[in-house]
Amino acid sequence: MKIAFEPEQHDLAAGFDRAAAAVASPQVARGLWDTETGRSADLWRAVAEMGLTAIVVPGQNEGFGGTLVDLALVLERIGHHAVPDALLEALVTGPVAIARAGSSKQQEAWLPGIADGSIRATAALRGLTSVPDAHVSDVLVYREGESLHLADLSRCALTPLVSMDPSRRQFAVEVPPEAAEPLPGSAAALEAVLAHEASGSASVLIGLAQRMIDYTVDYVQVREQFGRVIGSFQAVKHQLADATARIVLARFQVHAAAAKVAAGAEDARHASLAARRVALDAEFEANRAALQLHGGIGFTWEHDLQIWLKRGKALEQAHGNRGEVADELGAAVLATL
Amino acid sequence: MDLTFTPEQQAFRRELQDWFTENRPQGRLDSPYSEPGFSQHMEWETKLHAAGWAAPSWPSEAGGRDLDPWAEFIYDEEYARFRLPERLNKMGLVHGGPTVMAHGTEQQKRAFLPGILDCSDIWCQGFSEPGAGSDLAAVRTTGRIEGDTMVVDGQKIWTSQGVIATTMFALVRTDPQSRGHRGITFVIIDLRSPGVEVRPLGQLHGNPGFAEVFFTGVEVPVANVIGEVGDGWRVASTSLALERGTSRGSQTRMEQALVDLARDTADAGSDPRSVRRLGELAAWVSAYEQAAYASTHEIATGRSKDYSSFIKMLGTEILTAVHEENLEVLQAGAEVMADHGPNNEMFGMRRNYWHGRGAEIYAGSNEIQRNLIAERQLGLPKEPRG
Ligand SMILES: Cc1cc2nc3c(=O)[nH]c(=O)nc-3n(C[C@H](O)[C@H](O)[C@H](O)COP(=O)(O)OP(=O)(O)OC[C@H]3O[C@@H](n4cnc5c(N)ncnc54)[C@H](O)[C@@H]3O)c2cc1C
């Protein structure tokens with residue numbers, strides 16, 4: 001039993017923190033809200049230069065042959081910094097799907113470019129009506145029923161949607177029949193791809209949740225009312241304790257799920273659904289408490305808290321919401337009886 | 001990251017399983033608070049002890065096997081999985097004894113530990129008093145030191161296992177001028193001494209283990225003080241952290257409660273609302289299990305990041321939620337208890353349900369845990385204290 005991450009995995013996350021401070025700060029994010037793509041080439045370059053694009057790509061396709069565990073802490077930092085890009089799709093879901101379910105021809109065509117960052121992937125496992133970052137991506141992996149498909153995005157029609165979160169860029173995508181290619185191994189790989197999505201998205205949510213609580217803990221120690229800092233009021237402390245406890249327990253599950261998904265454990269899907277659900281609950285509570293305890297200042301456009309609040313709400317729905325995840329997990333538990 | 005047990009650990013698990021399969025008591029034992037029940041429990045405890053399974057992580061000098069924290073974890077899981085009888089000396093095994101190991105002298109360890117393992121002494125915890133529950137630093141039971149003897153006067157309450165205990169680890173105020181957590185001493189009191197009166201106190205689920213304990217001029221050797229006189233608060237902190245931190249197979253019992261819920265959900269027709277709720281609860285039960293693993297990892301690697309408040313607070317609340325849902329699924333059937341009259345002890349899920357509600361109160365109520373999390377983990381200002 002070894003519950004800890006490796007030093008290199010921590011180093012990677014710390015390296016990501018340093019890069020994100022320059023290319024993904026709240027000021028940068030705000031600056032991008034009104035640009036046409038909403039995306040920063042600097043950010044993508046930094047991600048590729050750190051080798052993050054190559055982590056889950058197999059060695060024979062110019063990647064590092066790593067696993068979700070290598071990226072788990074980075075995904076948490078992606079949430080922590082509220083990085084606007086759909087990096088879960090680009091770094092995990094897309095490449096994992098192609099690596100696990102693609103033909104060798106498809107793998108050779110896409111994976112080396114994904115590994116070096118010259119090709120960007122996105123993914124839609126829940127329909128083509130809302131695909132993130134389709135405008136800056138080259139290849140799309142999507143699900144139809146029990147099978148996965150791939151499409152060259154340059155041959156698809158994109159209709160931009162307006163997101164509640166000004167940092168998110170969502171598109172309705174139309175894949176013309178001649179551009180759709182089935183991923184031949186998808187029947188066997190679908191479970192694993194879904195587990196990667198659930199588990200990886202849970203990591204992002206934990207990072208978001210922790211950041212909102214960090215912000216709030218700082219704030220309640222300086223804001224005074226009734227002649228005391230508000231952090232000395234028990235009603236305030238208990239809300240923060242509740243949210244923190246959820247984050248702490250959820251994070252254990254999220255890390256365990258990443259390890260199980262990476263190892264292809266028998267209960268990987270179950271663990272990843274549990275991870276997503278507890279991370280959703282933790283984020284939901286952190287989101288609620290953060291705005292409530294900031295009071296009026298948190299509701300202003302000028303305050304950066306909104307970046308995390310809105311991202312959280314968007315990501316609560318993006319990869320299976322609380323109800324859907326619980327329905328699936330509940331059915332899975334009944335099936336084991 | 002590798003969440004699998006080593007081959008040695010798996011072998012240890014199998015060894016235990018074999019032993020439990022062969023030696024476990026057949027059928028349910030009577031309550032340890034009845035005479036036949038007490039002998040049945042003693043018989044089981046004696047068997048465990050003779051085979052070295054009373055507390056395998058304890059030092060061999062005391063009758064243990066010096067096993068590491070993971071072995072203890074596996075032991076607790078298997079013990080729970082086999083649904084074996086609740087340990088007669090739970091308080092001694094889980095917090096009393098380990099507190100003596102942490103703060104006691106060699107002589108005290110030799111004097112006190114073996115009696116816990118062979119159940120010649122049964123321990124209880126005497127912290128709470130009628131006026132000192134959450135505010136434990138308000139204890140008023142006094143310990144007047146006269147030479148080598150401490151004379152104890154006062155009252156303890158809600159003492160679990162009090163009616164069968166022979167030995168209490170108690171907090172007493174040894175400095176009459178002191179207030180708050182200063183001037184308190186942690187001492188081991190033989191309840192067979194003159195001047196001790198134990199009055200049984202019922203519990204709402206009918207389990208008769210509770211007691212009030214009265215002390216009138218009870219003489220206790222000062223040699224029974226653990227740590228220094230007046231330093232009891234520090235010693236008690238160890239004991240309290242052990243009480244609320246250890247999972248002791250609680251993750252396994254939680255999983256069992258979840259499986260029972262799943263069965264009842266299926267029997268009731270698996271309506272979509274219940275299936276969804278089952279999924280929500282399964283997710284948190286799983287997270288709790290991982291928290292138990294993570295906290296064992298901390299102990300095993302000697303780092304001991306303190307997760308005890310998180311584990312106590314969310315653990316009890318998750319368990320209660322599982323039981324609440326079970327009552328919900330059983331609907332009107334939930335109130336009906338097969339063959340027990342209104343004044344009898346409850347068994348099964350209904351008893352576990354109420355016990356879980358109690359667990360949200362004892363070992364520092366969940367409100368107190370929230371205060372601790374806010375103050376110790378988040379660094380927020382301390383509660384104003386009187
Ligand atoms: C099943 C069971 C077994 C027990 N076994 C033992 C035992 O073996 N030995 C022993 O010594 N004790 C035992 N206890 C007693 C237990 O430790 C106390 O009941 C507990 O610490 C709470 O104290 P109290 O009952 O005095 O409640 P109070 O302190 O009066 O509290 C009442 C309510 O007020 C809340 N409250 C109090 N102070 C605060 C605060 N500062 N902030 C927010 N909320 C607050 C509490 O959380 C609680 O909800 C047991 C209790 C139970 C239920």
Side-chain angles (χ1 to χ4, degrees), chain A residues 1-6 9 69 72 213 217 220-221 228-229 231-232 234 236-242 244-246 248-260 262-263 265 267 270-271 273-281 322-323 325-334 336-337, chain B residues 1-6 9 70 73 258-259 261-263 265-266 270 272 274-298 300-301 307 309-311 313-315 317-318 367 369-375 377-384:
Chain A
M1 186 83 58
K2 181 162 192 279
I3 290 182
F5 286 93
E6 303 298 330
Q9 291 161 344
V69 175
I213 292 306
V217 167
V220 302
Q221 297 192 80
R228 288 155 62 181
V229 292
S232 67
Q234 200 174 73
V236 171
K237 290 159 83 171
H238 283 199
Q239 292 190 46
L240 288 168
D242 267 325
T244 302
R246 280 177 176 72
V248 167
L249 252 66
R251 188 187 275 117
F252 291 139
Q253 176 64 27
V254 170
H255 290 173
K260 289 181 178 193
D267 59 345
H270 187 296
L273 284 170
R276 171 132 182 106
R277 173 64 204 220
V278 294
L280 279 165
D281 286 351
R322 298 202 296 164
V325 173
D327 290 347
E328 210 178 319
L329 187 53
V333 172
L334 288 177
T336 61
L337 285 182
Chain B
M1 187 90 62
D2 174 11
L3 301 183
T4 52
F5 287 102
T6 63
Q9 288 167 337
W70 279 116
F73 184 87
L258 187 83
V259 171
L261 168 63
R263 286 216 182 88
T265 302
S270 305
S274 308
V275 176
R276 176 170 288 190
R277 188 75 185 121
L278 178 65
E280 291 166 15
L281 292 164
W284 281 103
V285 167
S286 185
Y288 181 78
E289 182 186 23
Q290 294 308 325
Y293 279 93
S295 97
T296 303
H297 172 79
E298 286 295 315
T301 52
Y307 294 123
S309 290
F310 297 117
I311 285 182
M313 175 191 121
L314 275 184
E317 292 179 5
I318 294 164
E367 288 73 29
Q369 302 312 315
R370 286 179 168 85
N371 291 347
L372 291 175
I373 290 168
E375 291 167 14
Q377 310 278 340
L378 303 179
L380 296 180
K382 286 229 183 300
E383 279 282 281

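Only this structure's heavy atoms are used, side chains among them; waters, hydrogens and symmetry mates stay out. Residue numbers start from 1 in every chain, and the chains themselves are labelled A, B, ... in the order their sequence lines are given, proteins ahead of strands.
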Might you point out which heavy atoms bring [X] and [Y] nearest each other, and give the distance in Å?
{"X": "B:Ala287", "Y": "A:Gln253", "result": "N-OE1, 3.4 Å"}
{"X": "B:Leu378", "Y": "A:Ala241", "result": "CD1-N, 4.3 Å"}
{"X": "B:Gly279", "Y": "A:Leu329", "result": "O-CD2, 3.4 Å"}
{"X": "B:Pro381", "Y": "A:Gly231", "result": "CD-O, 3.5 Å"}

Checklist entry - Looking at the rings of B:Tyr288 and A:Phe252, which for Trp means the six-membered one, are their centres under 6.0 Å apart? => result no
Checklist outcome for this item: Output for pair (B:Phe310 CZ, A:Arg246 CZ), nearest 0.5 Å, gives 12.0 Å
Checklist entry - To the nearest 0.5 Å, how far apart are CD in A:Gln234 and CD in B:Glu367? => result 8.0 Å
Checklist entry - Is there a side-chain contact between B:Tyr307 and A:Leu249, using heavy atoms and a 4.5 Å cut-off? => result no
Quick one: what part of [X] sits under 4.5 Å from any heavy atom of chain A, side chain, backbone, both or neither?
{"X": "B:Val259", "value": "both"}
{"X": "B:Met1", "value": "both"}
{"X": "B:Thr4", "value": "backbone"}
{"X": "B:Tyr293", "value": "both"}
{"X": "B:Ile318", "value": "side chain"}

Checklist entry - Are A:Arg322 and B:Glu280 within salt-bridge range, i.e. N to O under 4.0 Å? => result no
Next on the checklist: When you measure from the side chain of A:Lys237 to the backbone of B:Ile373, do you find a donor-acceptor pair of N or O atoms at a distance under 3.5 Å?
Outcome noted: no
Checklist entry - With only heavy atoms counted, which part of A:Val217 is less than 4.5 Å from chain B, the side chain, the backbone, both or neither? => result both
